[in-house]
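Quantities reported herein were computed from a predicted structural model and do not represent experimental measurements. The sequence lines fix the lettering, A, B, ..., with proteins before strands; numbering per chain opens at 1.
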Amino acid sequence: MNHIDEFCVPHEYISPMEKHLRRVLRNWVDTYVMPNRRLYDEDWKDHHLLEPAFDRLMAGLGFQKAMFPPECGGWGLGKSDYLFRAAYAISEEIGRGDTGIAVAFGVTFWPIFTILIDPYENMRLAKELAPLYCNTDKAFFAANAMTEPQGGADIENMELLKGKTIRTTARLDGDEWVINGHKLWPTNSGGTGKLFGVPCTTKPGSDDPNDFAFIFVPAETPGVTQSSPYEKAGMAADKNGDIWFEDVRVPSWYRAHGPGTDFIAFYQLISLGQVASIAFLTGAMMNLYERLYEFVSTRTYRNKPLKEHDAVAAVIGRIAGDIDICRILGYEAAMIGDRRRMPYGDPITSERTVGRIRNIKDFVSDRAVENFGTAMDILGAYGADRDWDIEKHWRDIKIVQLWMGGKQLCQMEAARYYFNCKTL
Amino acid sequence: MNHIDEFCVPHEYISPMEKHLRRVLRNWVDTYVMPNRRLYDEDWKDHHLLEPAFDRLMAGLGFQKAMFPPECGGWGLGKSDYLFRAAYAISEEIGRGDTGIAVAFGVTFWPIFTILIDPYENMRLAKELAPLYCNTDKAFFAANAMTEPQGGADIENMELLKGKTIRTTARLDGDEWVINGHKLWPTNSGGTGKLFGVPCTTKPGSDDPNDFAFIFVPAETPGVTQSSPYEKAGMAADKNGDIWFEDVRVPSWYRAHGPGTDFIAFYQLISLGQVASIAFLTGAMMNLYERLYEFVSTRTYRNKPLKEHDAVAAVIGRIAGDIDICRILGYEAAMIGDRRRMPYGDPITSERTVGRIRNIKDFVSDRAVENFGTAMDILGAYGADRDWDIEKHWRDIKIVQLWMGGKQLCQMEAARYYFNCKTL
Amino acid sequence: MKKDVDELILYPREWVDETSSRVHEVVHRWAQKEIIEDRLAYTHHYETQFDEKRKSLSLTIGLQKLTLPEEYGGGGWNTMQHVPGVVTIVSEIARADAAIGVISAMTYSIFGLIASERNRKDALTKALAPMFCGNNLATPSVMLPGAGMTGEDTPLFMGRALPVSIEPAAGGYRLMGGAMRPLACGHMADLYCVACTDKDGESCVAFVPAEAEGIIKGPAVKTTGLNACRNATISFDGVRIPEEYVLRDPNMLATLHIWINLYLGAVSVGSSLNFFEILRDWAESRTIKGGTPMKENPLCASVLADVAEEIALSRLLLYNMAHVFVHSERFGAVEDKGMFTFAQMIGSRIQKSALLAINRGMELMGSAGYAKEWHVEKHWRDVKTIQSALCGVGAGVPVKMDIARFFFDCKEV
Amino acid sequence: MKKDVDELILYPREWVDETSSRVHEVVHRWAQKEIIEDRLAYTHHYETQFDEKRKSLSLTIGLQKLTLPEEYGGGGWNTMQHVPGVVTIVSEIARADAAIGVISAMTYSIFGLIASERNRKDALTKALAPMFCGNNLATPSVMLPGAGMTGEDTPLFMGRALPVSIEPAAGGYRLMGGAMRPLACGHMADLYCVACTDKDGESCVAFVPAEAEGIIKGPAVKTTGLNACRNATISFDGVRIPEEYVLRDPNMLATLHIWINLYLGAVSVGSSLNFFEILRDWAESRTIKGGTPMKENPLCASVLADVAEEIALSRLLLYNMAHVFVHSERFGAVEDKGMFTFAQMIGSRIQKSALLAINRGMELMGSAGYAKEWHVEKHWRDVKTIQSALCGVGAGVPVKMDIARFFFDCKEV
């Protein structure tokens, strides 16, 4: 094998546009990200270096239009039979360069997925929001403001808690929603996000899905306050902070759909987010392979290249083998999503789809955490070097393992599905 | 999830005949294998109980005809575009009941694959051998007599050693091959095998692939001696023993093909064997799920069913999740084989195909070994019980991990492919 | 010359007293001569030879009565400072045969519980002594709490089900309940040592001689390993035992767990030590890639290293467990619950390591790992059987919950 | 009341002498007051505060000179029986700050090597003493052998490349070669302790003061962790050092590996102990599933148990390593090679366990595991940096080969 593009591809699944998408993004990553990414850690607060890269990708190349229907000025990917697979390929290519960029980019679409994927479309709102994405020459960021101080992963644990623990309230006052609450840690907060998707409750303490509301809130609406970004171990391209909502008023039609439908439309995000997460990880691991290949070919033990030492070969062979395996699984996870409209497929909100995809995400996360750790060891005294790039991914991908409810929630949802557990 | 048939299936890969094949075999397993398999350990020498099951499967249901072309009285699977996937489904269903039966059955086809898969067909020989398989009402067993006393896994390490260490010799004397040597451990030896495929060298010590010969030897040919079967930790349905060849003479056209071609035709067996091995393991794991489901639903910790205890749920969820994952990978491995005739596929003897499939086999073996071990632990004081069936699979599947060159050879071949190692 | 395993897989000899070392030598000779060097014969006549081998060790050498007090005819090793020595001896027995090791481990655990200087139950010890100090083999069977049945509301010990209960009956107790699976030897036991509860749900340990009326013994079960320790499901239907046959101190069941983890740890370490020896021979004599000795192939060497590391560290941990138990005062604050936790934690780690070592090492042995002839598969099956039964239902989750309770003060797990 | 970690994560206190326990208390107060309770401030002014914190420990409390002989102005703890005490102290330092721990560990390793009663190099110790016993901070940097470069035929130590060589020069030696990466502090060191070879390819250890001419120092590298121990690639271009600055006994490099494994093991154990404390607070105060305290959720509890087990067992192994080293005679046959192997084996296991504990525990902390505020991510990065650098190139394969050589007598791996 001579190139990362030789990692396993389930050819029968590939969309016609995939080759083109990958080529454009590969070129962008190599031009904008690779030369700068070692400096991104220092750029976490200001994004001086990151901003031009984002602008080029999202506005210049137009990727931030991708999900909107053509009639809104977009590419129409949101309604494509290849939605999940295209998202997978895009996320993997960006993740190869920097998973922080990949998540900041990907999450920009996350709130609007609730209104762009059939059967849960809301074209009125889509048309209203589309110009923010499609009519600009600057990168536009949006965020899903989910996590709350008391809740931890509760909001992602929809299946069990059904929004019961949400404390951010939405009250209808005439034709306006009045929102109060405190959210923290969303990707694209900390000052970057211009639009928030906010899961709220219309009846605090209720576990009736009808009392769950998903409401869009432009960041500049009066009463919205953002903190400056937190300092983190990595993922500098992804700013996170607190968001406070104090008597924030938005039009009533800024609610995604309505009672019941909001809940199910929001629940779609889980599987989409997981498939993207898997792609971030396989992308990062493809880069791991590139960097590791160089090290094991140029460094020695007993004066033989490391890769020619059988015991080292077994370890690096396992790493590369895991990448192959994770990629097969990643495409399958995407395919599970894209089967949603096929006669033999399941809705992306079905317990089966959610359980299976969570399982794959959990698995791939564990492989990534372990393989990056091992790769740092292989580099020995150089493992911790910024210059070898592996340590950066190592810091970044740990957060991919932890987000969206973390490892334990993944495990619980998978177990619930496979063993029909009732009380987990 | 309520049934093993809900484990992940890559629907787009499925052959039209798969549903039928699985139904017939499921029924056979439930009728013939399940009621008896706890007694098979005691039946390792005589196969009193096993014989009727084999006869029904192989002759009665006709499965032993499957690979031969219709003109030889077979089903034509050997030339099917779905060869690997059909083999996968068949092996998985049988493996669910008993991996020992699955291997004894599967290996019966192994030698004749060298002459039935295009482009390496030998129709003269196929027609001569076909009646043994297709014209009988008794199970017919064949074996690949590969391993030699000195060599261990060397014979499977074709890529590096190219047959150099083979000591079994074939000398052409007029229009007969004269074979001398000592083989051990083949599946379907120990008295059951009626036909042997024998890798020999026509020039001892040579690593020139042209000096490798694959020759068919009927078991009753004068000079062939078989030992009685070895006693093993498990896999009672698979008899293994020594085979001695002393001046054994067979017609010259009993060689599969000829110099060079024998080598490559034989090399096809590696990937076929690995795909079948993966299927044995996923089949066994599907049965693991069935048995485990019962235990964790009916036994308690803190007076709650085990599966409702979050920490146990995480462990069993991981097991079921691994089964899902292994199955996705198994189908992909089969598909890699079946892509051999597609424009975007690779020959099954290519380094890429061999490396990828070995990698998947290595991975699935490790998961199986670990998951059966964990399952026995979950059963605690009952883990070692014959009555829970898991311990039998645990003993059996370890040998699947070890055979065909074992874990380390898998690792080396995968590493060689992924990192272009030259000296491993 | 090839080194003895004890020169490679080190353990703190300072903790083993001299008398123990001498007995160790005797046992070593027994192991070597009567079993290890005789293994090909032993493979094929295992069941019949088993009693004979046991007799020579337990009765002729006299190890069966080793840990009973001298005043009742025992060997007098009922002091705590002998414990590391007993660990050494149990390991040596199991190096030869894990099943004999398990019977020894259960015997020493029982008398550790009732006869050691720290906690002497004289009446009970005196009552049981004739069975173990006489001229016949005596087989105990330890029944620990485990999984319960869905729908039944069973009294619990640290979350584990205790389906057997006692109630007072004239001059003693009556036992009811069960369908419990002992660790081993349920079908052939002379004495059952049973985890149970009183009517308030407090845990106790009861001793039940096999000849007592009302013991319901299921058929001998076929098991993966320890085939000589024939097991069975056991229930009690109003079995009567004298008062002194029940230990009602609720610490006793926890303490039994400590002893059994220690000595079954010794069994699995011993078994893996012999595996190490077999593997070493194999790696030296086997060639791969057309001529290199297996041990000189770096990948094989790395597997060998993993095997050695697991065994060496688990042996070290085993002696640490013994040492903490014997000298808990020197280890800071090991009160009862702490020692129970450490024993469970180290005990389960040892079992895992021993099995991992064998599982990995087998990878190198191909079919020789699997054929009965090489004896490796027997160690593998025996250790697995111990591990699954000891570390318990739920993939070790109950042990994890014990650990979490101690270190994180969890209340409800 | 919440228990102190030392009452939960037990270690054999009997091995730690009383004087050490008293110093431990002083260091504990320093750790608690100057760093742990001041961490939010320390997070944001880490680089500037680092020297100040070090000074209070190293100079005011006086730990920098601790293990130098009294006659040269040191603390006099250059006897072997102090070693377990020094382990305790290094752990306590690292509980507060791993970077200060690493500098201490390197200092104590160097003087363990040259000043301990077992192997005194008086001239060298005397020459180096003023640097460490004076009023200024002294930072050593240890350079162990590692990966070589493809195409270069470098002298080897146990398979690892030794790119620096010495040759005799008037009244001393001249050092050549390099592009070596130290374990830590390459950019800020006052003294380099360098693995090298003589012209026959025999390994030596050389000491090079930072002010010597001809040291070529690369730019300070950015690293995952140990950010205060600024590292750099170091080469030597004809650097001259006095004769006594080179230890030519080929056992010395192996012995240096023992010391450094021991004390860096102490660092990672210390760091993970503090992680345990933070995690315990988190698991107590955090609720999940709408109200249950995290620690009462069984799955979270099982992760907590895994964390506690890894830390507890690695602490136990750490003291065992110290004990075997100090009292090798009581452990059977630990000759030099055996001790080297045990140190590598236990040392790498400790690093793995400490990192595993943190990695698993972070799973429960979500973004708090990742935000700088909680300090958890610092422990994670620091321990990972130590682990990768110490356990070496090739995913620990060189260590595995060491183990295989010792236990299986491999020659060519």
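Contact of A/Trp394 with chain D is made through backbone and side chain together, with heavy-atom distances under 4.5 Å. Interface remark: A/Val315 contributes side-chain atoms only to the contact with chain D (heavy atom separation under 4.5 Å). Residue A/Glu308: no heavy atom, backbone or side chain, is found under 4.5 Å from chain D. In this structure, the portions of D/Trp380 lying under 4.5 Å from any heavy atom of chain A include both its backbone and its side chain. Interface remark: D/Val413 contributes backbone atoms only to the contact with chain A (heavy atom separation under 4.5 Å).
Here OG1 of D/Thr154 is found 5.0 Å from CG of A/Asn303. Values are rounded to the nearest 0.5 Å. Taken to the nearest 0.5 Å, the OG atom of D/Ser388 stands 10.0 Å off from the CD1 atom of A/Ile378. Within the model, atoms CG of A/Asn240 and OH of D/Tyr370 stand 9.5 Å from one another, a figure rounded to the nearest 0.5 Å. Atoms OG1 and CZ, from D/Thr150 and A/Phe295 in turn, are 9.5 Å apart once rounded to the nearest 0.5 Å. Here the straight-line distance linking atom CG of A/Leu402 with atom CG of D/Leu364 works out to 9.5 Å at 0.5 Å rounding. Here NZ of D/Lys372 is found 10.5 Å from NZ of A/Lys232. Values are rounded to the nearest 0.5 Å.
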For the pair A/Lys392 and D/Thr224, evaluate side chain to side chain contact (heavy atoms under 4.5 Å, CB included) and give the outcome as yes or no after the intermediate values.
CA-CA 8 Å; A/Lys392 175 180 159 51; D/Thr224 306; over 6 Å; no
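In terms of heavy-atom pairs under 4.5 angstrom with chain A, the leader among D/Arg160, D/Met158, D/Met149, D/Glu377 is D/Met149. Top candidate by heavy-atom pairs under 4.5 Å with chain A, chosen from D/Met362, D/Lys400, D/Met365, is D/Met362. Ranked by non-hydrogen atom pairs under 4.5 Å with chain D, the options A/Lys407, A/Arg386, A/Glu391, A/Gln408 are led by A/Gln408.
Between D/Lys222 and the options A/Asp41, A/Asp385, A/Leu39, A/Asp387, a side chain to side chain contact (heavy atoms under 4.5 Å, CB included) holds for only A/Leu39.
For the residue pair D/Gln387 / A/Asp377, a side-chain donor-acceptor distance below 3.5 Å is found, with atom types taken as modelled.
When side chains are defined from C-beta on, D/Asn359 counts as touching A/Lys398, because their heavy atoms get closer than 4.5 Å.
D/Lys384 places a side-chain N or O within donor-acceptor distance of the main-chain N or O of A/Gly373, the cut-off being under 3.5 Å.
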